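Single-structure report; data block below.
Hydrogens, waters and symmetry mates are skipped; everything else that's a heavy atom, side chains included, is used. Read the numbers this way: they start at 1 and go in the same order the structure lists the ligands and their atoms. Start at 1 with the first residue, then count along the sequence. Because the structure is a prediction, the values reported are computed rather than measured.
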Amino acid sequence: MNQISANSIRAEDAKHVVHPHVNLRKQPEAKPFIIERGDGIYVIDDEGNRYLEAAAGLWCASLGFGNARVAEVARKMLEEIGFYHIFRGATNAPAADLSAKLAAIAPEGFEHILLQCSGSEANDTAIKLVWYYWNAKDQPQRRKIISREQSYHGTTAMTSCLTGKPRFHNGYGLPFEGFLYTAMPYYYRNGLPGESEEAYSTRLAKELEEMILAEGPETIAAFWAEPMLGSGGAILPPKGYYEKVQAVLNKYDILLVADEVICGFARTGEMWGSQTFGMKPDLMTCAKALSGAMQPISAVIISDKVWEQMMVQSDRLGGFTHGFTYAGHPVAAAVALEVLKIYEEMDLVGHVKAVEPLFLAGFEVLRDHPLVGDSTGIGLIGAVEIVADKATKAMHDPALRVMAIFEDRAMANGLITRIIGNRVALSPPQVITADEVREMFARLTRALDETASQIGA
Ligand SMILES: Cc1ncc(COP(=O)(O)O)c(C=O)c1O
């Protein structure tokens, strides 16, 4: 891109674009990063710099960036129909085929698919389905929903409440009543001295049970969890966590909703994060890698248990009163269907399992790095935690701006990561090859070394 075009894009952007997660007053002075095109797992900016995109954009570009095969499917669908809805008596082939395909790859006992446009919408809709379920069961008092501190489930009004990060509530008068937050599972920092992972999981499950009892189990509708916390820090659940949590939920007949928006589609090494971690959800939500992030599409995957009650309620009320214009959009659905075909042809789960040992070895080696405390992963997602003192796990003085230095060094080494507090998360496109995994860790190590030398660590 020539300098004049780049300058004009930045000028328009500064004047008109509202960006998520920036200081709105200062943003117009910033020089936004213009990504012009993709090449596999690399993206190329307006100045021709190539970056290995180790965050897959926003944990989503499973097939990398730019795909001619998928583009042709989208082009054809745009030409043939462009749009049609699935309201009332209508359907379209991509929405029907995609739903059948999703039901086929979902765990057993999940046959029905509610298509939406984003992860936030899928979770927002799943909240309504949870309430619909309890109304159908004549327990309308079951309204409260428990999620975890530092979890992320979206930013609609309702999913901002599910999200367990106070900064998503501040300034909006949120959360609404009835959203509760139990402790996040974060063994590295919150496990007690001498406490095993199993014992820590037991303690968290006990805390959850105490919360349920204090609130009244008959008022709790559902427990919401990302199988593995994504934007909370790419943090693995401790051993035994879901088994113990599930036992508490079963005891009080509380629904479990698995937010698979990041973890779905082999991110954690199995098709679903729920399978990796032994969760038995009643609803699953997915988005992102559902279409390789190439079209905005998401889904709520509904268990037979919930579906039965949805039919009861729909009989009672005369119909299921919920739907978005773009739900089951033929272009988005056709793209997602093609992406799922590509997953099948490449054996996505098999591929992730094949590169996983190398990916995990990268984290293992980094554990000895002077800046690194925690360093763990699974499948193709993981993080290193940057600390000032490995023994005490103390963090650096914020005045040192270590993470800003790290980010600068990573970019200078052609590496894009996701920085969350003092953690650096990696979740590269699932198509990453073994050589590219080595290259990613080589760049990360150089960025860490240069950061250490700048701060004199
Ligand atoms: C676990 C999880 N759930 C939900 C969402 C929200 O998805 P979207 O941004 O598509 O609304 C995200 C987005 O990052 C996510 O990570």
Checklist outcome for this item: of all protein heavy atoms, closest to atom 11 (O) of ligand 1 is Ser120 OG, 2.5 Å
Checklist entry - Where is the nearest protein heavy atom to atom 3 (N) of ligand 1: which residue, which atom, and how far? => result Asp259 OD2, 2.7 Å
Item to check | atom 14 (O) of ligand 1 [closest protein heavy-atom partner, distance rounded to 0.1 Å] | outcome: Lys288 NZ, 2.8 Å
Checklist entry - What is the distance from atom CZ of Phe359 to atom CG of Leu380, rounded to the nearest 0.5 Å? => result 5.5 Å
Checklist outcome for this item: For Ser118, the ligand 1 atoms with a heavy-atom partner under 4.0 Å come out as 10 (O), 11 (O)
Next on the checklist: What's the separation between atom NE2 in His329 and atom CZ in Phe324, rounded to the nearest 0.5 Å?
Outcome noted: 15.0 Å
Next on the checklist: Heavy-atom pairs closer than 4.0 Å: do any link ligand 1 to the side chain of Glu226, the backbone, both, or neither?
Outcome noted: side chain
Next on the checklist: Residue-level breakdown please: for Thr285 versus ligand 1, do any non-hydrogen atoms fall below 4.0 Å on the side chain, on the backbone, on both, or on neither?
Outcome noted: neither
Checklist entry - Which is it for Ser298 and Gln116 under the side-chain hydrogen bond (donor to acceptor under 3.5 Å, both in side chains) test, yes or no, and what are the steps along the way? => result CA-CA 5 Å; Ser298 65; Gln116 310 277 264; over 6 Å; no
Item to check | Heavy-atom neighbours of Glu407 CD exceed 12 at 6.0 Å | outcome: no
Checklist entry - Any idea which atoms of ligand 1 are less than 4.0 Å away from a heavy-atom of Asn123? => result 3 (N), 4 (C)
Checklist outcome for this item: When distances are taken from atom 15 (C) of ligand 1, the protein heavy atom at minimum range is Tyr152 CD2, 3.6 Å
Checklist outcome for this item: atom 7 (O) of ligand 1 has as its nearest protein heavy atom Gly119 CA, 3.2 Å
Next on the checklist: One thing to verify: whether Lys353 and Asp347 come together as a salt bridge, which I'm taking to mean a side-chain N less than 4.0 angstrom from a carboxylate O.
Outcome noted: no
Item to check | Thr219 side chain to Lys144 side chain, donor-acceptor N/O pair below 3.5 angstrom | outcome: yes
Checklist entry - Is it true that Tyr132 and Phe320 have ring centroids separated by less than 6.0 Å? => result yes
Item to check | Enumerated ligand 1 atoms positioned under 4.0 Å from heavy atoms of Ile262 | outcome: 16 (O)
